[in-house]
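In this text, all values refer to a predicted model and were calculated from it rather than measured experimentally. Just follow the structure's listing: the first ligand is 1, and inside any ligand the first atom is 1.
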Amino acid sequence: MYHRPNSPAWLKQAVFYQIYPQSFRDANGDGIGDIPGIIQKLDYLQWLGINAVWINPCFVSPFRDAGYDVDDYYRIAPRYGTNRDLYRLCREAHRRGIKVCLDLVAGHTSIDHPWFKASCRSNRNKYSDRYIWTSSALSDPNSPLSLIRGYSERDGNYVANCFYFQPALNYGFAKPVQTWQQSVDAPGPLETRKELIKIINFWLGHGVDGFRVDMAFSLVKLDPGRKETIRLWQDIGQKVRARYPDMVLISEWGNPGESITAGFDIDFVLHFGAGGYPDLILNKNCFFRRSDGANIGDFLKSYLEQAAKTNGKGQITVPSSNHDIKRPCADGRTLNDLKVIFTFLLTWPGVPFIYYGDEIGMRYIPGLASKEGSYDRTGSRTPMQWSDRLNAGFSTADEKQLYLPLDPRRNRPTVQKQASDSGSLLNHVRELIALRKHSPALQAEGALIPLQVETNNRHFSYLRQSGDERFLIVLNPSAEPCQVRIQGINPGDIAFQICHGAQASIKGGDIQVKLAGVSYGVFKL
Ligand code: NOJ
Ligand code: CA
């Protein structure tokens, strides 16, 4: 019988920051961000109030998919530095109260990985079953999986997870039907699992605090209800936690009901069906739009359903964005619109994740050429804008050598400009983080009580509560002013916290809030 472990206590107060290493800070002037560069910016992260980072893949790789195609899981890519740099990053981060999580590409390797090269050979060897192969290259097994044909000397097709150069590691099939499909407890899949545990233990042993797991949902193939994938992760988690009880596992799964049961501590609300992240922040008619926006209802319904399934066992997170999707600063949004979004993100339950640059409103830059398999994700991966110095303080390299071009606008936002402007988005984010850190009601596990969600509302209010501490949050992302009346919550008093365009007063035991267009208020009751 599986008992889900309690998540580490530090997650209750955690505020994560996602670092895309190639675009964050280049310390050696070759145009590509690196680990020493991240170390240089730890003071900034500490100033902002960040206490955990997730770094996108930084292992040896041919970088056909920006590092999501690993050649060696035990070695840092030379362009980012050395293993020693990473160990130093962990020590320096810990000195500042910041945890370090890496990105574990558990489902596939690169086609250049020595395991895959061996697996491609026709002679039977140690790695023949490390990947999923059909039994003949010429027959068409009519599989729902993506099969790559004609690549190898070995007679067979391999299963690719995403791009053709990402061959799926073999964790087995939930119910093998064809002869080439192995069960989860066949020797090949068990060896793959053992190796994955070894990789996890290796980095934890060197001071890393946890992992974001790429495509965590996908490991066992043809797995209805993900039952076997859940069992696989339960087993991995149990084995690793026996030695490292405080490590965290964050899943790219998008279904907290499943992933939290699988033993993950955090899952992202990044599913793209009705009521997912797109209905909140991404779509043209999502909730956070000045005009033609939707009611919060669809998002809220889906969020509350998922929260009920996880039953307080793990955290659901709504990220500001990430390296795979458009930044929130796109499609005409202004810094004020972003302030409303961040007020939501940093007063919402679960664990906030801020994608580098979103805290200053870096733009999604349209029209850039694809880089390392980025396609339309390129615009969200441009260099961090630190200052008005050369290359926005990202790198001292020649501009043409930069990993990606910078936002070309003269008035592009920078950390330097915004740090010294008390009304900036950056200082708003910083203030919200500080408030959250001192207020258990606003943290991961404070209760959420949604208010005012009638169908036609373009505003949204909710309470967050823990013990005697209670906050009211009101948001109006639309351009239209409105009034909100909140009944029956008996406020003693209202203390202003962080507001813009929102005025609250008590009338006959009710709270009345006047909201200007594009406004927010965080009140302590
Ligand atoms: C999800 C990652 O976030 C994405 O960037 C990558 O391309 C795919 N998984 C494949 O690993
Ligand atoms: Ca560099």
Side-chain angles (χ1 to χ4, degrees), residues 18-41 54-59 61-71 73 76-82 85-86 89 101-111 113 116 146 159-169 196 211-219 250-254 259 267-272 277 317 319 321-327 353 355-356 370-381 383-384 386 390-391 393-399 401-404:
Q18 183 192 342
I19 296 176
Y20 195 66
Q22 48 272 65
S23 297
F24 194 58
R25 161 76 189 152
D26 169 24
N28 67 352
D30 65 357
I32 301 179
D34 44 48
I35 290 168
I38 299 175
I39 296 173
Q40 290 176 355
K41 295 300 181 185
W54 150 34
I55 305 171
N56 284 101
C58 51
F59 310 106
S61 163
F63 293 103
R64 294 187 185 95
D65 183 16
Y68 283 99
D69 47 338
V70 176
D71 272 359
Y73 288 92
I76 295 295
R79 78 182 199 183
Y80 296 139
T82 61
D85 290 328
L86 197 275
L89 168 64
C101 296
L102 301 183
D103 204 319
L104 183 67
V105 192
H108 47 263
T109 69
S110 120
I111 44 173
H113 196 297
F116 188 66
S146 153
V159 172
N161 268 350
C162 205
F163 293 122
Y164 82 91
F165 50 76
Q166 290 165 322
L169 285 160
L196 185 67
F211 298 88
R212 175 266 191 186
V213 182
D214 186 62
M215 293 175 68
F217 58 88
S218 74
L219 299 197
I250 307 157
S251 56
E252 186 195 27
W253 196 305
S259 54
D267 191 16
F268 296 98
V269 174
L270 266 181
H271 64 97
F272 289 84
Y277 178 91
T317 187
S321 71
N322 72 23
H323 61 293
D324 290 332
I325 53 179
K326 247 190 198 175
R327 287 185 181 275
F353 273 64
Y355 182 51
Y356 84 97
S370 184
K371 173 90 178 186
E372 299 183 343
S374 58
Y375 301 100
D376 70 352
R377 306 176 290 185
T378 323
S380 296
R381 299 178 175 190
M384 179 68 178
W386 295 104
L390 178 71
N391 298 322
F394 163 65
S395 167
T396 54
D398 188 280
E399 203 184 329
Q401 260 184 290
L402 299 186
Y403 177 76
L404 277 172

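Side-chain atoms of Asn28 and Pro36, non-hydrogen and from C-beta on, never get closer than 4.5 Å to each other. Ser321 has its side chain within reach of Tyr277: a pair of non-hydrogen atoms, C-beta onward, lies under 4.5 Å apart.
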### Task
With side-chain contact (heavy atoms from CB on, under 4.5 Å) as the test, would you mind laying out the steps for Asp85 and Ile76 before giving the verdict?
CA-CA 9 Å; Asp85 290 328; Ile76 295 295; over 6 Å; no
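Each protein N/O/S atom under 3.0 Å from the Ca ion (ligand 2) was counted, for a total of 5.
Figure legend: Arg25 and Tyr403 shown without cation-pi pairing, the cationic atom not lying both under 6.0 angstrom from the six-membered ring centre and within 45 degrees of its axis.
Contact residues of ligand 1 (protein heavy atom closer than 4.0 angstrom to a ligand atom; sorted by chain and number): Asp65, Tyr68, His108, Cys162, Gln166, Arg212, Asp214, Met215, Glu252, His323, Asp324, Arg377, Arg381.
Using cut-offs of 30° and 60° on the angle between ring planes, the pair His323 and Tyr20 is parallel. Between Phe353 and Phe268, the ring planes are perpendicular. Angles over 60° get that label, and only those under 30° would be called parallel.
A search for side-chain hydrogen bond (donor to acceptor under 3.5 Å, both in side chains) contacts involving His108 returns Asn161, not counting sequence neighbours. Every residue meeting the ring pair (Phe, Tyr, Trp, His ring centres under 6.0 Å) condition with Phe59, not counting sequence neighbours, appears here in chain and number order: Trp203.
The two residues Pro167 and Phe116 come nearest to each other via the heavy atoms CB-CE1, 3.4 Å.
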